[in-house]
Protein chains: 2
Amino acid sequence: MAGLSRYMAVLRLFSEGAPTWTVAEMADALGVPQSTAYRTVRDLLSEGLVEMSSEARYRLGPAFIEFDRLTRLTDPLLLAGNEILHEVVKEAGIPCVGLLTRLYGREVMCIADAASPDASFSPSYERGRPMPLTQGATSKAILARLPSKRLVKLIGREAADAMREELAALRRAGFCLGRGEIDEGLAGLAAPIVCEAEGLIASLSLVVESHRLAGAREERLRLLLISAAQEMEVRLRAAEHIKEGSPA
Amino acid sequence: MAGLSRYMAVLRLFSEGAPTWTVAEMADALGVPQSTAYRTVRDLLSEGLVEMSSEARYRLGPAFIEFDRLTRLTDPLLLAGNEILHEVVKEAGIPCVGLLTRLYGREVMCIADAASPDASFSPSYERGRPMPLTQGATSKAILARLPSKRLVKLIGREAADAMREELAALRRAGFCLGRGEIDEGLAGLAAPIVCEAEGLIASLSLVVESHRLAGAREERLRLLLISAAQEMEVRLRAAEHIKEGSPA
DNA sequence: TTCATATTCTCAATTTTTGAGAATATAAGC
DNA sequence: GCTTATATTCTCAAAAATTGAGAATATGAA
């Protein structure tokens, strides 16, 4: 095993169910001798990617929290959209959770969440959680705006072909509604956000209880999301011009 | 440059002021040939540690957000203390920001923050932000509980000697108050949290406007923080026993 | 102290990385 | 379509780093 992947293999051992590991356990899990595992852990330790917990057990280190903060401070979508996200949740007027989600590398990932104070349900999403690529309004709103070449790369030719018509319709509508596709009893409403210059394809979505989606209210939320998403696009373009306009 | 550090050197280029880089810029900044830089970036890309932004620019990738989520879900201090942190802010009854801070690797780092709705000031702290080691109530409450050997390793012999008496007093008091040590006009109040079994040394602190710290109120907040910190220690020990008690 | 376990060290064989430049993509303009 | 400029990958022998087994040291508790 070579280069970076040898380190990442260790880091990927850590999980919610197994948050701490001894070096012996790592060596075992990866099938490498202990001396090698110790060297690897020592390197990770010195970079802050793991820390010693106690009694020879190790856990993920502070570097991840710091780098995450950096992404929070610099992500153009968050800068343009976090404030609006909270406003949308407030204006929705019913119990709901708002999500900002983004195609990120090869994943569709939630990068910001905001629950209304009266939201009694807890949707399974939050910052840092990868979402299923082809299910749910949030992801579909994103896939619908993907150039077909990239879509194929992401989900494969067959899956892309199977979804082509549905996505074309969503693209025309500029909006996506899904009922119970992910959580039973919950519905997702999502509007796409695209900024070519930043290479950004994302969506703003709202998760609400299905039974609250009467006709008129659904229409109101649709308009709310679409206009909020458009406002985010405007801010993204503005931020980008500022960057280019400023002296290098 | 060898092994992991060669990759970290690239990642550490990214900052709030320079959130995106071209490969040529990286190669320049690090003094390596472009072909080498391209190979390094390709590896980082495939692990999700960087992503392509647009037009040959790269930014930090989704892996950091995912790993951060994992630390949020598994950090024993956060599991034991996040709820209490919010209660403390609520019960404080004045505009304030509550912080959970932890000795993390070689840094003192804030891992959770909660502002009261009426807090009009914005303290310079938040999750993922390293704090100055030897300044501010938050850090001092932690240093006071550090075994002197580790203290020396952390801040050096001279600095450790210079602080020895002050820290001994803080240790006896079980509490730390600092006025304007970090932000002019703000005061920090902090109580230590220690859990040997988890190898955890931390503090719970409250940032308030200095002028609001009348005598009686200061005393009330002191007691609030100390009892909340103790409750966290209790929960930490409970969580630890559950872990040990459960079948492997 | 003594034991048990955690961690680092040693060294030759093996594998990876490096750098310079050539060879390919890729995208924009004509 | 072609042309140009730039981005990215590839090639290959020399240089450097990693590997694995085990010995040598810490470290901490009894």
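Just so we're on the same page: letters track the sequence lines, and every chain starts at 1. All of these numbers come straight from a predicted model, not from anything done at the bench.
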salt_bridge([X], [Y]) N-O dist < 4.0 Å:
{"X": "A:Glu66", "Y": "B:Arg12", "value": "no"}
{"X": "A:Asp43", "Y": "A:Arg39", "value": "no"}
{"X": "B:Arg102", "Y": "A:Glu51", "value": "yes"}
{"X": "B:Asp113", "Y": "B:Arg129", "value": "no"}

Starting at atom NZ of B:Lys153, determine the distance to atom P of D:dA26, rounded to an integer number of angstrom. 13 Å

Whole-Å distance between C:dT26 C1' and A:Arg150 CZ?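 Distance check: A:Arg150 CZ to C:dT26 C1' gives 15 Å.
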
Could you say whether B:Arg6 or A:Val23 is positioned toward the 5' end of DNA chain C, judged by the nucleotide with the nearest heavy atom to each?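 Upstream on the strand: A:Val23.
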
Where each residue is assigned the nucleotide of DNA chain C containing its nearest heavy atom, which of A:Gly3 and A:Ala56 is assigned the position nearer the 5′ end?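 Per heavy-atom nearest nucleotide, the more 5' residue is A:Ala56.
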
Residues which pass side-chain hydrogen bond (donor to acceptor under 3.5 Å, both in side chains) with [X], listed by chain and number, not counting sequence neighbours:
{"X": "A:Asp28", "result": "none"}
{"X": "B:Asn82", "result": "none"}
{"X": "A:Arg222", "result": "A:Glu219"}

Please determine, for the side chain of [X], which listed nucleotide ([options]) has the closest atom?
{"X": "B:Met52", "options": "D:dT18, D:dT8, C:dT16", "result": "D:dT8"}
{"X": "B:Ser35", "options": "D:dT8, D:dG22, C:dA20", "result": "C:dA20"}
{"X": "A:Pro33", "options": "D:dA17, D:dG20, C:dT7", "result": "D:dG20"}

Give every donor-acceptor pair under 3.5 Å between a side-chain atom in residues 133-144 of chain A and any protein atom, sequence neighbours left out.
unit_1: A:Thr138; atom_1: OG1; unit_2: A:Ser205; atom_2: OG; d: 2.9
unit_1: A:Ser139; atom_1: OG; unit_2: A:Pro132; atom_2: O; d: 2.7
unit_1: A:Lys140; atom_1: NZ; unit_2: A:Glu166; atom_2: OE2; d: 2.9
unit_1: A:Lys140; atom_1: NZ; unit_2: A:Glu181; atom_2: OE1; d: 3.1
unit_1: A:Lys140; atom_1: NZ; unit_2: A:Glu181; atom_2: OE2; d: 3.2

Taking the axis from the first five pairs and the axis from the last five, what angle separates them in the helix from C:dT1-D:dA30 to C:dC30-D:dG1, rounded to 10 degrees? 60°

Using a heavy-atom distance cut-off of less than 4.0 Å, which residues of residues 36-48 of chain A contact DNA chain D?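 Of all residues in residues 36-48 of chain A, the ones placing a heavy atom under 4.0 Å from DNA chain D are A:Thr36, A:Arg39.
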
